[in-house]
Amino acid sequence: MTLDKIWVFCEAGDDGVATITLEMLAKAREVAGTVEVFCGGDGAACAAELGDHGVTAVYATGDLDGRMKGVSVASAVAAAISDGSVAAPDAFLLGTTYDGRDVAARLSVKLDVSVLSNVVDLRLDGDRLVGVEPVFGGTLNVTSRFTSGGPDIWLVRPKSFEPEAVGGSPAEVVDLPVPDLGSTGGAVVRDRFTEESEGPKLDEAAIVVSGGRGLGAADAYAMIEGLAKQLGAAPGASRAIVDAGWVPYSYQVGQTGKVVKPTVYIACGISGATQHLVGMKGSKNIIAINKDSEAPIFAVADLGIVGDVHKVLPKLTEALESR
Amino acid sequence: MKVVVCVKQIPDPADPGALDPETKTLRRNVKLILDESDSYGVEMALQLVDAAGEGSVHLVSMVPNDEVSGLRTALAMGADSATLISDEALAGSDALGTSRVLAAAIERAEPDLVLAATESSDGYTGVVPAQVAELLGLPSVTFAKEIAVEGSTATVRRQTEAGADLVECPLPAVVSVTAGVVEPRYPSFRGIMQAKNKPVDQLKIADLGIAAERVGWAGAGQEITDVAEAPERAAGEVVVDEGDAHERIVAFLDELKVI
């Protein structure tokens with residue numbers, strides 16, 4: 001028994017369809033007969049790649065002309081369902097991303113259905129989906145399902161599924177017109193800035209080096225950046241030092257930040273609050289450096305160093321430099 | 001300028017409660033505190049009112065009991081007043097139920113600007129701010145790093161995957177604020193004393209015209225079917241640094257063939 005149809009929210013950048021979208025497509029194909037995507041922007045540019053991942057149709061709004069993606073896409077989908085131009089899917093899958101959350105939130109109000117956030121697994125239970133959400137820093141898994149008539153709206157954490165190309169002809173591009181947004185549509189993007197980062201992206205890097213409050217001061221974060229550069233790694237951070245303003249939110253690994261699953265995760269001066277663990281304990285190998293031998297991070301570390309990051313990190317970076 | 005800040009009182013993240021092994025529900029009869037994530041919205045609101053030279057900061061919050069200690073913290077920071085919707089019927093509310101209640105309370109306050117955290121630290125659904133905006137028929141800008149208000153327009157620097165967008169938004173609007181973008185002030189002793197006498201308007205959902213079956217367990221369009229312990233990750237080797245621990249790390253990275 002599979003679902004008839006799932007709609008996946010497609011996000012794309014200059015380098016093609018976003019990984020989170022491809023991850024959700026792999027799962028959607030497993031549980032539904034028909035997988036289609038909807039997106040805010042140009043559908044044609046992604047049609048071939050999406051088709052390769054089993055998508056038969058891409059419903060695209062076309063250029064949003066600076067209007068916010070969340071309200072535009074949600075309004076377009078709700079309008080299309082309401083005027084009968086598309087049949088509502090059994091479920092919507094959206095990534096836990098900046099725009100994914102906006103679309104899901106607006107759509108849930110428009111369709112008057114619930115949203116389930118932060119799921120890391122989805123499976124069929126009879127003819128309905130159930131989703132698994134980690135709570136308490138990933139120590140408990142809560143399985144939930146929708147009780148309303150549907151469609152379901154699931155917000156999926158990145159890195160939950162493996163993308164898989166299956167080969168397929170390009171997806172058909174279907175126009176998804178954005179209706180008049182009225183009073184909800186006032187916000188407009190006037191300018192876009194790209195943050196240049198030299199190394200790999202945090203959620204794609206093979207190695208992540210993260211710093212926490214144990215660094216003691218904002219300028220000590222340079223040690224993290226130095227080691228990351230030496231290893232070709234991405235620098236990350238615990239919530240504590242993001243909250244303290246030492247590094248931007250985009251560096252944050254954890255429940256309220258990014259989920260990372262690199263080959264090696266190096267936690268420096270991070271105690272391992274549940275908030276942080278949920279974002280990194282899926283890493284293949286974990287190295288932790290912390291002064292406090294009782295720090296919870298050691299419970300998940302493959303290699304734990306009880307020591308001062310201010311002493312260990314410079315030596316480590318130097319040793320790697322001299323190789 | 002009237003700014004409404006949505007705040008949540010949550011169990012202390014250091015002691016978040018536990019799973020009741022019999023009922024498979026989360027035991028949460030613990031003391032509630034102000035969600036740290038919300039302190040950024042409160043601080044941002046205070047700064048914006050300061051910059052405008054006039055205005056007030058009003059808090060909106062909901063709980064299934066009469067807890068106010070978290071609200072008092074935000075009032076002690078400098079917020080002027082609060083609406084607390086406290087009603088047993090709210091227990092078990094999903095994000096949409098929560099948003100319905102907050103939106104109804106916010107509407108009564110007639111704000112120029114509504115601020116919220118991007119997500120709470122406990123439920124972390126991350127959808128409430130945009131749901132509230134949709135329910136109120138307002139524009140929203142989520143994940144704000146900076147906000148400036150001039151006249152009836154807010155200019156917001158919004159976090160994106162690539163960097164940031166500069167968004168212009170007419171007021172009233174809902175804006176969610178990321179953590180760490182402002183430094184929340186510590187309540188002064190004077191602030192704490194004053195907070196005790198600041199008005200906290202306590203309402204039931206009926207006062208907002210919301211039916212009990214639209215919120216709480218009854219109104220939640222979702223249910224928990226299972227709660228299970230996640231498989232634990234085993235701890236590995238622990239080395240106490242004697243000045244040469246970096247060598248062990250290099251050897252470990254070597255074994256993994258990543259250097």
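So you know, we letter chains A, B, ... as the sequences are listed, proteins then strands, and number each from 1.
No side-chain heavy atom of A:Ser114 sits less than 4.5 Å from a side-chain heavy atom of B:Glu223. With contacts defined as side-chain heavy-atom distances shorter than 4.5 Å, the pair B:Glu134/A:Leu107 does not qualify. Counting heavy atoms from C-beta on, the side chains of A:Ile286 and B:Arg233 come closer than 4.5 Å. For the pair A:Arg101 and B:Glu119, the minimum side-chain heavy-atom distance is below 4.5 Å. Here the side chains of B:Val258 and A:Ile207 are in contact, with some heavy-atom distance below 4.5 Å.
The environment of A:Glu294 atom CD is sparse: at most 12 non-hydrogen atoms of other residues, nucleotides or ligands sit within 6.0 angstrom. The environment of A:Lys315 atom NZ is dense: over 12 non-hydrogen atoms of other residues, nucleotides or ligands sit within 6.0 angstrom. Other residues, nucleotides and ligands contribute more than 12 heavy atoms inside 6.0 Å of the CD atom of A:Glu204. For A:Lys291, the NZ atom is loosely surrounded, since the number of other residues' heavy atoms within 6.0 Å does not exceed 12.
Of all the listed residues (A:Thr184, A:Ile241, A:Val130, A:Leu316), the one sharing the greatest number of non-hydrogen pairs under 4.5 Å with chain B is A:Thr184. Comparing B:Glu247, B:Glu242, B:Arg157, B:Glu183 by heavy-atom pairs within less than 4.5 Å of chain A, the highest count is held by B:Arg157. When the candidates B:Pro231, B:Ala230, B:Ser99, B:Gly236 are compared by the number of heavy-atom contacts under 4.5 Å with chain A, B:Ala230 comes out ahead. Ranked by heavy-atom pairs under 4.5 Å with chain A, the list B:Thr225, B:Thr118, B:Val238, B:Val156 is led by B:Thr225. Comparing B:Ala162, B:Gly243, B:Ala179 by heavy-atom pairs within less than 4.5 Å of chain A, the highest count is held by B:Ala162. Between chain B and the options A:Pro314, A:Gly13, A:Ala301, A:Ala206, heavy-atom pairs under 4.5 Å are most frequent for A:Ala301. Here B:Ala164 is the residue among B:Ala245, B:Ala164, B:Cys169 with the most heavy-atom pairs under 4.5 Å with chain A.
Across A:Gly307 and B:Asp241, no two heavy atoms sit closer than the pair CA-CB, 3.9 Å. When every heavy atom of B:Leu96 is checked against every heavy atom of A:Val113, the shortest pair comes out as CD2-O, 3.4 Å. Of all non-hydrogen atoms in B:Ser140 and A:Met68, the two that sit nearest each other are O-CG, 4.2 Å. Contact between A:Ala187 and B:Pro170 at its shortest, heavy atoms only, is N-CD, 4.0 Å. A:Ser144 and B:Ile224 get closest at one heavy-atom pair: OG-CG1, 3.8 Å.
By the 4.0 Å N-to-carboxylate-O rule, B:Arg214 lies close enough to A:Asp112 to be salt-bridged with it. Salt-bridge check for A:Asp102 with B:Arg158: passed, with a basic side-chain N closer than 4.0 Å to an acidic carboxylate O.
Side chain of A:Thr194 to backbone of B:Gly163: no donor-acceptor contact under 3.5 angstrom is found. In terms of modelled atom types and a separation under 3.5 Å, the side chain of B:Tyr124 and the main chain of A:Val135 share no donor-acceptor contact.
Ring planes of A:Tyr249 and B:Phe143: tilted class, angle from 30 to 60°.
A:Lys69 NZ to B:Thr142 OG1: the interatomic distance, rounded to the nearest 0.5 Å, is 12.5 Å. Taken from CD in B:Glu255 to CG in A:Asn285, the straight-line distance is 9.5 Å, to the nearest 0.5 Å. Distance CD1/A:Ile266 to CZ/B:Phe252: 9.0 Å, rounded to 0.5 Å. Distance check, rounded to the nearest 0.5 Å: CG of A:Leu303 to CD of B:Glu237 gives 5.5 Å.
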Open item on the list: Using side-chain contact (heavy atoms from CB on, under 4.5 Å), reason through B:Leu135 and A:Arg106 one step at a time and then give a plain yes or no.
Closed with: CA-CA 9 Å; B:Leu135 286 162; A:Arg106 294 268 180 182; over 6 Å; no
Open item on the list: Between B:Ile249 and A:Ile289, is the side-chain contact (heavy atoms from CB on, under 4.5 Å) condition met? List the steps.
Closed with: CA-CA 10 Å; B:Ile249 298 176; A:Ile289 309 167; 3.8 Å; yes
Open item on the list: side chain to side chain donor-acceptor pair (under 3.5 Å) for B:Gln131 and A:Ser108? Distances and angles first, verdict last.
Closed with: CA-CA 8 Å; B:Gln131 282 179 331; A:Ser108 83; 2.7 Å; yes
- [ ] Give the C-alpha distance, both sets of side-chain angles, the deciding distance and a yes or no for side-chain contact (heavy atoms from CB on, under 4.5 Å) between B:Ile259 and A:Leu320.
- [x] CA-CA 8 Å; B:Ile259 54 171; A:Leu320 291 165; 3.8 Å; yes
TODO: Run the numbers on B:Ser37 and A:Arg239 for side chain to side chain donor-acceptor pair (under 3.5 Å), then give the verdict.
DONE: CA-CA 10 Å; B:Ser37 303; A:Arg239 175 172 169 177; 2.7 Å; yes
Open item on the list: Using side-chain contact (heavy atoms from CB on, under 4.5 Å), reason through A:Leu231 and B:Leu253 one step at a time and then give a plain yes or no.
Closed with: CA-CA 10 Å; A:Leu231 286 168; B:Leu253 295 172; 4.0 Å; yes
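Residues meeting the side-chain contact (heavy atoms from CB on, under 4.5 Å) test with A:Ser250, sequence neighbours left out: A:Glu195, A:Pro248, B:Gln159. Annotation: side-chain hydrogen bond (donor to acceptor under 3.5 Å, both in side chains) contacts of A:Arg157 (sequence neighbours excluded): A:Asn118.
For A:Lys284, the part lying under 4.5 angstrom from a heavy atom of chain B is the backbone only. Contact annotation for B:Thr155: neither backbone nor side-chain heavy atoms come within less than 4.5 Å of a heavy atom of chain A. If you measure heavy-atom distances from A:Pro134 to chain B, the contacts under 4.5 Å come from both the backbone and the side chain. Residue A:Ile287 touches chain B through its side chain alone, counting heavy-atom pairs closer than 4.5 Å. For a residue to count as touching a neighbouring chain, one of its non-hydrogen atoms must lie under 4.5 Å from one of that chain's; by this rule B:Ala234 touches chain A with the backbone only. Contact annotation for A:Glu133: only side-chain heavy atoms (C-beta onward) come within less than 4.5 Å of a heavy atom of chain B. If you measure heavy-atom distances from B:Ala220 to chain A, the contacts under 4.5 Å come from the backbone alone. Residue A:Asp99 touches chain B through both its backbone and its side chain, counting heavy-atom pairs closer than 4.5 Å. With a 4.5 angstrom heavy-atom cutoff, B:Ala133 touches chain A via backbone and side-chain atoms both. Using a 4.5 Å cut-off between heavy atoms, A:Asp14 does not touch chain B at all. Heavy atoms closer than 4.5 Å to chain B are found in the side chain of A:Ala319, but not in its backbone. Both the backbone and the side chain of A:Val312 come within less than 4.5 Å of a heavy atom in chain B. B:Thr178 touches chain A through its side chain: at least one heavy atom from C-beta onward sits under 4.5 Å away, while N, CA, C and O do not.
With respect to A:Arg192, the side-chain contact (heavy atoms from CB on, under 4.5 Å) criterion is satisfied by exactly one of B:Val167, B:Leu166, B:Asp165, B:Thr160: B:Asp165.
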